[in-house]
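Here's the structure, in structure tokens; my notes come after.
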Amino acid sequence: MRARMALAITNIAVEHREVSLKNKPSAMMVVSPKGTVPVLVINDQTVLEESRDIVDWAFTQSPQPDWTRSDSIPKTADIADLIKECDDDFKPRLDQYKYLDRSPRHNQEYYRNRAMNFIEKLDRRLTSAQFLIDDRASVADICVMPFIRQFAGVDSDWFNSVHLQHVKRWLHIWLDSDLFQSIMQKHPLWQPDAR
């Protein structure tokens, strides 16, 4: 999702191929044997298999200083640190919470509480700004938001009952945005023989 958002923000046109991960096309496995999405093939030569790599590539191809805060070293560093914490610390905890059958050592509440440390940190950040870095959306927002959306969706009744007013406000800004709505359009499954 964050890769698609970055490509939309930077106006980079791609040929979108929707695939079923339960029935992975052999053409996909040839270019990306790890068999996960997203995958971006550039000029039939370079293959990017991680969403963060796609985000970085997109903003390199079409620089967006407002999104990357490239005019501010402290804010650029803050963006990088926040994304790293999300990817390295929060995402594994989210996966344990979301896919309990893969981590049966503890109950779901245990994993949820561990993941909540990051959510609460975001809530504190959002008390003084509209978005994660300041009052303008940044790359940090588009890289973190999809995982907060996943967290909220694991047990939406519980999430809705928790006092996280700033995170909820921020999340709804994104879910209601034209950018998010544009990338959530359904695509038919790609058929290898069809172009």
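- Here the closest non-hydrogen pair linking Q181 and D176 is NE2-CA, 4.3 Å.
- Between D56 atom CG and C143 atom SG the span is 7.5 Å, to the nearest 0.5 Å.
- In this structure the side chain of K98 never reaches within 4.5 angstrom of the side chain of Y111, judged on heavy atoms.
- V14 and V55 fall into different hydrophobic clusters, where Ile, Leu, Val, Met, Phe, Trp and Tyr side chains are chained together by heavy-atom contacts under 4.5 Å.
- Within 6.0 Å of NZ on K84 lie no more than 12 heavy atoms contributed by other residues, nucleotides or ligands.
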Step-by-step side-chain contact (heavy atoms from CB on, under 4.5 Å) determination, M28 to V37: CA-CA 10 Å; M28 172 187 166; V37 293; 3.9 Å; yes
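- Looking at Q185 and H187, their side chains never bring a donor and an acceptor atom within 3.5 Å of each other.
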Audit row: W67, D141, side-chain hydrogen bond (donor to acceptor under 3.5 Å, both in side chains) steps and yes/no: CA-CA 9 Å; W67 284 88; D141 294 283; over 6 Å; no
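- Counting only heavy atoms from C-beta outward, the side chains of F90 and N117 never approach each other to under 4.5 Å.
- Crowding of D44 atom CG: a count of heavy atoms from other residues, nucleotides or ligands under 6.0 Å not exceeding 12.
- Between E50 and R2, no side-chain nitrogen of the basic residue sits less than 4.0 Å from a carboxylate oxygen of the acidic one, so the salt-bridge criterion is not met.
- Residues P25 and V19 have side chains in contact (heavy-atom distance under 4.5 Å, counting atoms from C-beta outward).
- Pairing each heavy atom of K168 with each of S161, the nearest pair is NZ-N, 4.2 Å.
- Residue T76 comes nearest to T68 through the heavy atom pair OG1-O, 3.5 Å, listed as atom of the first residue, atom of the second, then distance.
- Taking 4.5 Å as the limit, some side-chain heavy atom of L82 sits within range of a side-chain heavy atom of F118.
- Taking a cutoff of 4.0 Å between a charged side-chain nitrogen and a carboxylate oxygen, R93 and D89 do not qualify as a salt bridge.
- Annotation: side chain of R102 is not in contact with side chain of D95 (no heavy-atom distance under 4.5 Å).
- For the pair I42 and L40, the minimum side-chain heavy-atom distance is below 4.5 Å.
- Relative orientation of the F151 and Y97 rings is tilted, given thresholds of 30° and 60° on the angle between their planes.
- By the 6.0 Å contact criterion, CG on N43 is open, its count of non-hydrogen atoms from other residues, nucleotides or ligands being 12 or less.
- For the atom pair CG of L132 and CG of L126, the computed distance is 5.0 Å after rounding to the nearest 0.5 Å.
- With sequence neighbours excluded, no residue satisfies side-chain hydrogen bond (donor to acceptor under 3.5 Å, both in side chains) with Q130.
- Dense packing is recorded around CG of D88, with more than 12 heavy atoms of other residues, nucleotides or ligands lying under 6.0 Å away.
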Pair V41-T46, side-chain contact (heavy atoms from CB on, under 4.5 Å): steps then yes or no: CA-CA 6 Å; V41 180; T46 304; over 6 Å; no
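- Two residues are said to be in side-chain contact when any heavy atoms from C-beta on lie closer than 4.5 Å; L189 and R17 fail this criterion.
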Evaluation steps, side-chain contact (heavy atoms from CB on, under 4.5 Å), between F159 and R112: CA-CA 10 Å; F159 185 80; R112 182 176 69 200; over 6 Å; no
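- Of all the heavy atoms in R136 and F131, the pair that sits closest is C-CD1, 3.4 Å.
- A salt bridge links D134 with K75: at least one charged nitrogen is closer than 4.0 Å to a carboxylate oxygen.
- Put simply, V30 and V39 are part of two different groups of oily side chains (I, L, V, M, F, W, Y) that touch within less than 4.5 Å, one to the next.
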Intermediate values then yes/no, side-chain contact (heavy atoms from CB on, under 4.5 Å), K24 and L21: CA-CA 5 Å; K24 300 170 187 172; L21 293 179; 4.2 Å; yes
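- Between atom CE of residue M1 and atom CZ of residue F147 there is a gap of 9.5 Å, rounded to the nearest 0.5 Å.
- No more than 12 heavy atoms of other residues, nucleotides or ligands lie within 6.0 Å of CD1 in I73, so this atom counts as exposed by the packing criterion.
- Separation of atoms CD (Q96) and NZ (K91) is listed at 11.0 Å; rounding is to 0.5 Å.
- Follow the hydrophobic side-chain contacts under 4.5 Å out from L171 and you reach L122 in the same cluster.
- No path of Ile, Leu, Val, Met, Phe, Trp and Tyr side chains, each step under 4.5 Å between heavy atoms, connects Y110 with Y99, placing them in separate hydrophobic clusters.
- Counting only heavy atoms from C-beta outward, the side chains of I79 and I133 approach each other to under 4.5 Å.
- Closest approach of W170 and M145 over heavy atoms only: CH2-CA, 3.5 Å.
- In this structure, L179 and A8 approach most closely via the heavy-atom pair CD1-CB, 3.7 Å.
- Screening residues 116-128 for salt bridge (charged side-chain N to carboxylate O under 4.0 Å, His left out), with sequence neighbours left out, gives D78-R125, E85-K121.
- Note on V144: it does not cluster hydrophobically with I54, by side-chain heavy-atom contacts below 4.5 Å among ILVMFWY residues.
- Rounding to the nearest 0.5 angstrom, the gap separating the CG atom in N11 from the CD atom in Q64 is 7.0 Å.
- Note that the CG atom of N113 and the CD1 atom of I119 stand 12.0 Å from one another [nearest 0.5 Å].
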